[in-house]
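Here is the structure we will look at.
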Amino acid sequence: MIIHWLSSIDSTNSEALRQLPRLPSGSVLAAYDQTAGRGQRGNSWFTEPGKNLTFSIVLKNLPLKASEGIRLNYLSSVALVEFLDAKGVKADIKWPNDIYVSGKKISGMLIENSLGPEGGIAASVIGIGLNMNQKEFSRLALATSLALCTGREYALEASLEEFLAIFEGLLPQLSAGELTARYTSRLYRLGVSARYHDLLTDEEFEGVIEGVEADGRLRIRDLQGRARLYRFKEVAYLL
Ligand code: BTN
């Protein structure tokens with residue numbers, strides 16, 4: 001993988017998409033400062049300049065059909081929790097791909113795929129924001145960083161290389177069943193009873209997360225024994 005460090009850019013995902021035809025697979029664009037970082041659901045992704053990792057990985061010619069794009073989320077999520085494991089921090093994956101430590105978000109990702117003529121994923125831009133050294137957040141109750149978890153400071157360049165080595169090591173598993181098992185085993189609230197809000201029926205219920213379907217839907221077994229399947233934005237976690 002080849003890392004290009006940018007001092008400042010609107011968004012590494014936007015830049016990777018603009019440069020996509022010229023960037024070989026395995027290119028990584030990393031920024032010390034993002035002026036218009038993008039998050040999920042059209043939200044913004046704000047981080048203090050120079051403190052955190054904000055980067056986008058470009059992958060091309062992937063062995064995935066469009067319907068299997070969720071596996072890129074699995075791979076990136078597993079790579080993130082395994083990177084944090086190596087730093088001594090136990091993180092969970094809040095389905096589908098937010099990374100949490102003790103109930104606070106430490107990392108999020110925005111994956112943007114382009115489809116090829118035969119319905120495969122021709123290129124993927126995997127944008128990751130990972131809070132490293134930032135210690136103050138405007139909504140501290142909701143966010144954390146590696147430095148807040150361990151009390152240490154981290155070199156961004158070396159940390160990105162360490163993360164990418166883990167990510168690259170997992171790439172051969174992109175199509176393998178074991179990746180789903182590794183992803184599932186790290187799901188937040190796996191196997192424990194908790195409350196959820198079904199956003200399709202506007203109903204609250206208690207259930208247990210059992211895992212994910214092949215198409216990436218979350219499976220929650222409710223108290224009546226019914227398996228409920230949800231796509232992104234169809235269910236909310238209640239406290
Ligand atoms: C989320 O949790 O809402 C997703 C956040 C994704 C942020 C990363 S930072 C690097 C890349 N560039 C962007 O503009 N967004 C992603």
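Just follow the structure's listing: the first ligand is 1, and inside any ligand the first atom is 1.
- For Ala214, there are no side-chain contact (heavy atoms from CB on, under 4.5 Å) partners at least two apart in sequence or on another chain.
- Applying the 6.0 Å contact sphere to NZ of Lys90 captures more than 12 heavy atoms from other residues, nucleotides or ligands.
- Remark: the backbone N or O of Asn133 is not paired with any side-chain donor or acceptor of Ser145 at under 3.5 angstrom.
- With sequence neighbours left out, Arg41 forms a side chain to side chain donor-acceptor pair (under 3.5 Å) with no residue at all.
- For ligand 1, the 4.0 Å heavy-atom shell takes in Ser11, Thr12, Asn13, Gln34, Gly37, Arg38, Gly39, Gln40, Trp45, Thr54, Phe55, Ser56, Asp98, Lys105, Gly108, Met109, Leu110, Gly127, Ile128, Gly129, ordered by chain and residue number.
- When the salt bridge (charged side-chain N to carboxylate O under 4.0 Å, His left out) test is applied to Glu210, the partners found at least two apart in sequence or on another chain are Arg219, Arg221.
- Ring geometry for Tyr237 against Tyr196 counts as perpendicular: the plane angle is over 60°, on a 0 to 90° scale with 30° as the lower cut.
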